[in-house]
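Okay, structure first, notes after.
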Amino acid sequence: MARCSWRPGGSNGPRRTATIPPMPAENSTSPTGRPVVTRFAPSPTGALHIGGARTALFAWAFARKHQGRFILRIEDTDLKRSSPESTKGILRDLGWLGLFSDEGPKYPCGKHGCGCGKAVDDAGFDPYDRGRQLGDNGPYFQSQRAADGLYDRYVQVLLDAGKAYEDDGAVRFRMDKDIAFTDAVYGDITVKADDLEDFIIRKGADGGKLPTFHFAVVVDDALMEVTHVIRGQEHLTNTTKHAALYDTLAEVTGDAATWQRPVWVHTPSIMNPGGSKMSKRDKARFARDKAEEFLAKHPTREDGIAALCQMMPNAITATHVSDFLGKTTDSVLLASEIAGRLGFNLPEIEVRDFLVRGYLQSALLNYIALLGWNPGDDIEHFDLDFLCSKFSLERIGKSNSTFDRAKLKDFNAQAIRGLNFGKFVDRMTKYAEAYRPTWYSSKICKDVDKWQAFCGAVQERTHLLPDPFEANRFLLSDDELIEYDFTPKPIRKAMMGNDGQGVALLEEMLAAFESLPAEGFGAAAHETINALAEASGINMGKYAQPVRIAVSGGPVTPPIDVTLELLGKGATLARMRRCVDAAKAHLAAASG
RNA sequence: GGCCCCUUCGUCUAGUCUGGUCUAGGACACCAGGUUUUCAUCCUGGUAACACGGGUUCAAAUCCCGUAGGGGUCACCA
């Protein structure tokens, strides 16, 4: 395999030789005649967000489809905004999605790509460790490549050839020709020289004399032999710059093979329902709106802010809050703090958000694959293998698409239902361990039989992993804490309807349950109800609803046998007694 | 504002290149009915779109022009 080091001395023999295997005939998507190489090149300025994940997915799938390589390269040439933490986060999230690179830095523990939600011990993990960067094209961090003097060599070549010039400490590239290029999605694009401007390829002292994105991306993609540049459409206009750079570098180095233009593939954007581009700032915006609603409930704005601050940790002052409300800051930290106190969920924007909210990676991947791409038939539900076998550039759409959480949620529910039971139990256990400690340490979760019964009862009604925990809080509640409110219609109807028939039936069951054994209580109680119903000719539902209400305070629970088994005899009877008393009091109050 | 790009049900989209088979198909959401001890699931049915205006043609969602709307870009950010 040809190494990618360009000889600054000027020897300009072709780097790629005839030893490069010819493209398979069926591979018409690589007109460059080279083996397919794609890359994902995030800048580590924050967590991996959903748009980046889709770009990575497409690049990864395309490489798989053509038996090519998928490279991960970190574009950290912006000193001020890049951080190793972001790099770790991006690596971790790509790992969670299962989009591992063939070359470039990798997350250390493949096991934690499992979505278990477990806090990963990455204390000793240094993504910048060159030993971890697999591949023969040197380091995969632009900061390291710059330190090696890589980009400077080419800047000098351009300077020497008169194609670039110094400008106030920076180096600017001349754009003096019309540029035309072909995009695999958008087709032919032409821009006249008059509409183009010379642009910076190397920053001045303030920017650490580092290459700009436009320059680094071209040099790296060329040297890494990237054949297909798949990225978001915000780069479509920028591509004129890149095309010019490829052409000029080919001309001045005489190495047309290395500086051959790649196939550009620009993907449409993912938008919010409101029409704005999906971004981190949405969290702040959302929290702000909710906070304003909260404020509006107070006599004055000042009162509202004071009340809000009251709820916040001490470190957060009124100034912080009003800055946030005044849009001086979009702090995600503040946004999530407000969300926590006011009891709402921030919109999921970053890949990690979806993990925390209980989405399965298979559902998320499936859904985002369909945002801007489709297999051409009516198949919507598929896995990564299917995607890899079907993915094609031709089927990427041109128009932006709106992110529809309702549809994603449906995909997730279907994915959960499709999980085999053992896997579902495993997911629930790990989710509880990571995000629901109270449940994780509860006797329901610790008792294998109970836990299996619980999971079995909830699987088909789970849309998001935490749903069962939210919907069944009553299972962990103290008996005395169950509150009975007989005014909501479904409850009133079940208990008070037909002259308080529900209350009477509840008493009847209570009496019958007393003699049941504590062991196997759920099944026994269920049989008893069946027998009672049959004997009285009153249908089963009339018995079941009052029990539901008695044990949970509400009209909705898992199937009655499982519910009572999880609760056990003691709790069930205690709650039924309290409920009977409360119902009678309610009845008396109503008639009196 | 200049330049580039986009425009089919509320949303994701099929169909557009290679006009007729499109009285425009699927999915999510929504509505109605059915199954079910609640909820959920499941089943059946329904509402709902070719942005607008011209042109070409025997025939246009499909081709051409214009208008409107939307997005992107015009940084020593990527």
Side-chain angles (χ1 to χ4, degrees), chain A residues 41-45 75-82 142 167-172 183 185-187 189-192 194-197 199-214 216-217 231-241 266 268-271 273 275-277 367 370-381 394-395 397-411 413-414 417 457-463 467-468 471 490 494 526 529-530 533 539-549 552 554-561 563:
Chain A
S43 57
T45 55
E75 310 220 326
D76 55 352
T77 53
D78 183 343
L79 266 20
K80 294 173 206 89
R81 299 198 302 158
S82 300
Q142 289 183 333
D167 178 12
D168 195 20
V171 177
R172 211 172 268 276
D183 184 87
V185 173
Y186 290 99
I189 312 274
T190 310
V191 182
K192 299 206 173 48
D194 286 353
D195 296 319
L196 264 12
E197 285 179 346
F199 63 95
I200 306 269
I201 54 175
R202 188 175 66 194
K203 303 171 199 174
D206 281 356
K209 297 251 172 200
L210 285 164
T212 57
F213 156 74
H214 299 300
V217 85
R231 60 175 33 155
Q233 58 136 231
E234 65 269 20
H235 290 300
L236 190 61
T237 315
N238 289 330
T239 305
T240 52
K241 297 183 173 78
H266 289 95
S269 307
I270 299 177
M271 316 296 280
S276 54
K277 192 170 169 183
Y367 179 73
L370 243 19
L371 236 33
W373 181 85
N374 71 79
D377 45 34
D378 288 336
I379 296 175
E380 282 204 320
H381 293 277
E394 293 72 40
R395 297 212 62 85
K398 294 180 195 317
S399 51
N400 296 343
S401 38
T402 306
F403 195 88
D404 181 2
R405 286 190 176 70
K407 186 154 180 169
L408 203 215
K409 204 168 173 182
D410 178 71
F411 271 44
Q414 293 201 43
R417 263 179 259 136
V458 300
Q459 182 171 6
E460 71 175 5
R461 53 204 92 196
T462 300
H463 291 228
D467 285 353
H526 193 217
I529 294 176
N530 278 336
N539 77 45
M540 167 78 188
K542 294 263 194 266
Y543 282 90
Q545 274 317 85
V547 178
R548 283 208 162 80
I549 292 162
S552 75
V556 178
T557 77
I560 212 74
D561 52 344
T563 304

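Residue numbers start from 1 in every chain, and the chains themselves are labelled A, B, ... in the order their sequence lines are given, proteins ahead of strands.
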Would you indicate what H235(A) reaches in the nucleic acid, counting non-hydrogen atoms under 4.0 angstrom: base, sugar-phosphate, or nothing?
-> base

Once you round it to whole Å, what is the distance between P of A75(B) and CG of D167(A)?
-> 13 Å

Which part of the nucleic acid does G169(A) contact within heavy-atom distance under 4.0 Å: base, sugar-phosphate only, or nothing?
-> nothing

For P268(A), which contact category applies under a 4.0 Å heavy-atom criterion: base, sugar-phosphate, or nothing?
-> nothing

Would you indicate what A170(A) reaches in the nucleic acid, counting non-hydrogen atoms under 4.0 angstrom: base, sugar-phosphate, or nothing?
-> base

Less than 4.5 Å apart, any side-chain heavy atom of L236(A) and any of D183(A)?
-> yes

Which part of the nucleic acid does R231(A) contact within heavy-atom distance under 4.0 Å: base, sugar-phosphate only, or nothing?
-> nothing

Where the side chain of D78(A) is defined as all heavy atoms beyond and including C-beta, which of A78(B), A29(B), C4(B) is the nearest nucleotide?
-> A78(B)

Are H266(A) and Y186(A) near enough that their ring centres are under 6.0 Å apart?
-> no

Would you call E380(A) and K407(A) a salt bridge, using N to O less than 4.0 angstrom?
-> yes

For K203(A) and A78(B), is the shortest distance between a side-chain N/O and OP1 or OP2 below 4.0 Å?
-> yes

Hey, is the side chain of S401(A) poking within less than 4.0 Å of OP1 or OP2 on U13(B), counting only N and O atoms?
-> yes

Return the value, rounded to whole Å, for the distance between atom CG of D410(A) and atom C1' of A40(B).
-> 13 Å

